[in-house]
Amino acid sequence: MRIITDKKILFGLGGATVLLIVGLAVFLRVSTPAAAAIGGPFTLQDIHGRTVTDRDFRGSWLLVYFGYSYCPDVCPTTLNDVSTALDQLGDRARDLRPIFITIDPRRDTPQALATYLAAFSPRLDGLTGTPEQIAAVAKEYRVYYAEHRTGPGPDDYTMDHSSVLYLVGPDGRFRSVIRADAPPDQIAADIAKRLP
Ligand code: NI
């Protein structure tokens, strides 16, 4: 009986140690800055139909947003607010390139994106790609998107998608999330305090 009791105590200690290690691992994972894990290399198509990669954007600060041109409300509001914010920043954001990456590549061809974005600001770049390329870049930026059917026709769908602005440095590394639902002057202030 004595031995069994000791074994129970030893097992109890072992279990506590395992719990401690698991707890520590969870703590480290949660507390690790997410900055290291957001963003990454991509290969996409610009509004002229040319193949571009993340390397083509090195040297510029980027403000990256994921959405789609058929979006009824959130995307147009965000694009308007970003355009206003960039106007407010003026020379301060001269070297900042706003980039709209579609999560609806079937409808957002390079030409469709060009037409759509020109209505907001001549500064806006648009990127599209194959469904696989879009899935890859969305995964890197942890962007959620999903088709939502509204009818039987091929174009009868909307896209659910996360709405976040990503500030990327000239070295191609993610710097910060900027709230996309903030008013333009707040977006401008958030960008300004992170630019050099
Ligand atoms: Ni949208």
Side-chain angles (χ1 to χ4, degrees), residues 34 37-49 52 54 57 60-89 93 96-168 174-191 194:
I38 296 179
F42 60 76
T43 300
L44 296 166
Q45 262 190 304
D46 70 10
I47 55 171
H48 308 289
V52 291
D54 54 295
F57 295 93
S60 299
W61 283 83
L62 309 179
L63 189 63
V64 180
Y65 185 74
F66 290 79
Y68 70 116
S69 71
Y70 281 72
C71 184
D73 42 35
V74 176
C75 289
T77 302
T78 304
L79 291 174
N80 267 323
D81 290 351
V82 165
S83 302
T84 305
L86 293 181
D87 287 346
Q88 287 178 6
L89 286 165
L96 180 77
R97 297 177 68 176
I99 297 176
F100 183 84
I101 302 179
T102 184
I103 43 81
D104 183 14
R106 197 181 76 76
R107 291 186 293 199
D108 284 340
T109 61
Q111 183 55 52
L113 276 183
T115 306
Y116 177 68
L117 295 174
F120 294 96
S121 166
R123 289 181 60 172
L124 278 163
D125 269 319
L127 296 177
T128 184
T130 64
E132 293 76 19
Q133 288 171 331
I134 295 299
V137 69
K139 188 178 177 193
E140 284 180 337
Y141 279 85
R142 301 182 185 182
V143 167
Y144 162 81
Y145 66 102
E147 194 177 293
H148 178 76
R149 300 301 310 181
T150 55
D155 283 339
D156 293 340
Y157 66 94
T158 58
M159 300 294 293
D160 297 332
H161 66 95
S162 43
S163 179
V164 175
L165 291 160
Y166 301 89
L167 194 63
V168 177
F174 165 78
R175 289 299 200 286
S176 164
V177 158
I178 307 283
R179 275 187 59 176
D181 60 344
D185 52 346
Q186 185 62 53
I187 292 175
D190 284 350
I191 292 170
R194 288 175 174 91

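Indexing begins at 1, ligand by ligand and atom by atom, following the structure's order. Source: prediction; values computed, not measured.
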In the protein, N/O/S atoms that are found under 2.8 Å from the Ni ion (ligand 1), waters not counted:
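The answer, once waters are left aside, is C71 SG, C75 SG, H161 NE2.
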
Between D108 (side chain only) and S69 (backbone N and O only), is there a donor and an acceptor less than 3.5 Å apart?
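Confirmed, D108 side chain pairs with S69 backbone.
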
Ring-face cation contact, Y166 with R142, 6.0 Å cut, 45° max
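No.
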
Given the ring of F57, does R97 sit roughly above its face, with NZ or CZ under 6.0 Å from the centre of the six-membered ring and within 45° of the axis?
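Output no; distance or angle outside limits.
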
Donor-acceptor contacts under 3.5 Å from residues 60-68 side chains, at least two apart:
{"from": "Y65", "atom 1": "OH", "to": "T78", "atom 2": "OG1", "distance (Å)": "3.4"}
{"from": "Y65", "atom 1": "OH", "to": "S163", "atom 2": "OG", "distance (Å)": "2.6"}
{"from": "Y68", "atom 1": "OH", "to": "M159", "atom 2": "N", "distance (Å)": "3.0"}

Checking side-chain contact (heavy atoms from CB on, under 4.5 Å) for the pair Y157/D104: CA distance, chi angles, key distance, verdict?
CA-CA 10 Å; Y157 66 94; D104 183 14; 2.7 Å; yes

Let me see the working for Q88 and T84 under side-chain hydrogen bond (donor to acceptor under 3.5 Å, both in side chains), right down to the final yes or no.
CA-CA 6 Å; Q88 287 178 6; T84 305; over 6 Å; no

